[in-house]
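Atoms within each ligand, like the ligands themselves, are counted from 1 in listed order. If you're wondering where the values come from, they're calculated on a predicted model, not measured in any experiment.
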Amino acid sequence: MQLLPGFRDFYPEECARRNYILSVWRDVAGRYGFVEYDGPVLESIELYRKKSGGELVGQLFDFVDKGERHVAMRPEMTPTLARMVAARERDYKKPLKWFCAPSFFRYEKQQRGRLREFLQLNCDILGEASAGADAELLALAIDILRGFGLGPADFVLRLSDRDAWAEFAKARGVGEDRLLDFLSVVDKLERASEAESEKRLSDFGMTLQQVRAFISNPTAEATKLNSILEDLKARGLGEYVEVDLTIVRGLAYYTGLVFEVFDRGGKERALAGGGRYDRLLEVMSDGKVKMPALGFGMGDVVLANLIDDVEVANQRRNAWLGANRAAEIFVVLAKEELRSEALRLVQRLREKGSRVDFALAPAKVGKQFQAAEQSGAQFAVVVGDEWPQLKWKELATRQERLLDVDEVISLVPMK
Ligand code: HAM
């Protein structure tokens, strides 16, 4: 039986690496006052057909369940979040600052940076329309990546504004009903050939030159992004952002600010993406709840690739992994008759909060010391000839001393 393409097994080493990413995500989101939530893995397929739109609908893992419901495994969080908040909006003070970091599923072609199951951190601010919220969210995205040890030479946030494109399109006679189609042409400008883009733009009565001129000379719309840029500069984060109108994002619900995060080397797919979706809650609640909102999603796959490539980030992760050993103390049982005493010691140490391991079946002392090394423990406590005293041994230096049981217990928790 083989692993399905695009899915991953998480052996303990990979799980530890995943936990590292999760711990930094949670830590920095917490520093910004975000609280964690979650939703279901399965939703009605209609939620994504109507709200996500674009490419994503073709990438759904969907099936008909035993109750004849057409369902899909979540490819993203935003429609679920909008549904949840619209349903209980009155129960929470605004603005809501929520995050989650579960698994998502997309039937994409497996490639560097893209899998079929991946983790995605979602951070969203709901109920705040001001540019201050935009800047706060962008600062969070930047600080999360800085939290991994990545710097301005490693990544950049590219900011854009869908409203600016909507105005551009409207001024050229493109109706609202065709705006998303037009944006999808802009979205693919960098990947499609010139001839292809030229042809697709001609359907909207435009030329590639006009579109390029707008991208290279953002006028009125840039002023809207200016206050966000000023805010980020005041925080000392100005060097992490650039205005780039080629970013429009593939999802249907975005309204104003949109952005993506890329590695500076240009080797990887996008690290994160997001923006404002000021009308999604209204649409979701049939007009009952009007609430501005914005957020971003950051996947673990590209992020892990970048950490591997950047020395500082790599070292920081390895230091974290090294500090998170399976055990701190290994209890070595040198005299089988003392098993009960040893078990009582193990129990007391664990109750005090130490990570403790020992041999479950009788084994030679040498073997037990080997197991102690493998467990990553810093200390071994030998229960043997010295009883009722114990031999306390620091494994790295091989220094040892004799201690009473209470003295050993008093060493825990260890600094
Ligand atoms: P998205 O651009 O579709 O946005 O995804 C955001 C990030 O998730 C990507 O930049 C990438 O890091 C990661 N990602 C997406 N697909 C895959 C994949 N197949 N394999 C690995 N990583 C992937 C959204 O999903 C929006 N819902 C984000 C958002 C939240 N907007 C507002 N709030």
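- Heavy-atom proximity to Ala270, at under 4.0 Å, picks out these atoms of ligand 1: 10 (O), 11 (C), 12 (O).
- The distance from ligand 1 to the heavy atoms of Asn122 drops below 4.0 Å at these ligand atoms: 30 (C).
- Aromatic pair Phe330/Phe369: ring centres not closer than 6.0 Å.
- Between Leu115 and ligand 1, at least one pair of N/O atoms sits closer than 3.5 Å.
- For atom 1 (P) of ligand 1, the candidate residues are Arg74, Lys109, Arg249, Glu76; the nearest heavy-atom contact is made by Arg249.
- Of the N and O atoms on the side chains of Ser130 and Glu128, at least one donor lies less than 3.5 Å from an acceptor on the other residue.
- Closest approach of Phe259 and Leu257 over heavy atoms only: CD2-CD2, 4.3 Å.
- Using a 4.5 Å heavy-atom cutoff, the side chains of Lys94 and Ile125 are not in contact.
- Protein heavy atom in closest approach to atom 28 (C) of ligand 1: Gly297 N, 3.4 Å.
- Taking 4.0 Å as the cut-off, Ala293 does not count as a neighbour of ligand 1 on heavy-atom distance.
- Aromatic ring centroids of Phe155 and Tyr240 lie under 6.0 Å apart.
- If you number the atoms of ligand 1 from 1 as listed, the ones under 4.0 Å from a heavy atom of Tyr253 come out as 26 (C), 27 (N).
- Not a single heavy atom of Phe105 sits under 4.0 Å from any atom of ligand 1.
- For an aromatic pair to be called close, the ring centres must be under 6.0 Å apart, and Trp392 with Phe379 satisfies this.
- Heavy atoms only, all atoms of each residue included: Ile228 and Leu138 are closest at CG2-CD1, 3.4 Å.
- With a 4.0 Å cut-off on non-hydrogen atoms, Tyr254 touches ligand 1 through its side chain and not its backbone.
- The heavy atom nearest to atom 23 (C) of ligand 1, out of those in Phe118, Tyr277, Phe296, is found in Phe118.
- By heavy-atom distance, the residue among Leu271, Leu251, Leu56 lying nearest atom 12 (O) of ligand 1 is Leu271.
- From the protein, the heavy atom lying nearest to atom 6 (C) of ligand 1 is Gln120 NE2, 3.2 Å.
- Taking the six-membered ring for Trp, Trp25 and Phe99 have ring centres at least 6.0 Å apart.
- Among protein heavy atoms, the minimum distance from atom 15 (C) of ligand 1 is reached at Arg106 NH1, 3.5 Å.
- For ligand 1, the polar-atom distance check finds an N/O of Asp124 within less than 3.5 Å of one of the ligand's N/O atoms.
- Residue Gly113 has at least one heavy-atom neighbour below 4.0 Å for each of these atoms of ligand 1: 20 (N), 21 (C), 22 (N).
- Residues Arg249 and Ser160 fail the side-chain proximity criterion, which asks for heavy atoms closer than 4.5 Å.
- In this structure, the ring of Tyr277 has its center less than 6.0 angstrom from the ring center of Tyr253.
- Within the 4.0 Å heavy-atom criterion, neither part of Phe99 lies near ligand 1.
- Side-chain atoms of Gln59 and Arg116 include no donor-acceptor pair closer than 3.5 Å.
- Using a 4.0 Å cut-off between heavy atoms, Glu108 contacts ligand 1 through its side chain alone, with no backbone atom that close.
- Numbered from 1 in the order shown, with element, the atoms of ligand 1 that lie under 4.0 Å from a heavy atom of Gly273 read 10 (O), 28 (C).
- Each of the atoms 26 (C), 27 (N), 29 (C), 30 (C), 31 (N), 32 (C), 33 (N) of ligand 1 lies under 4.0 Å from some heavy atom of Thr78.
- You'll find the side chain of Val289 stays beyond 4.5 Å of the side chain of Glu282, heavy atoms only.
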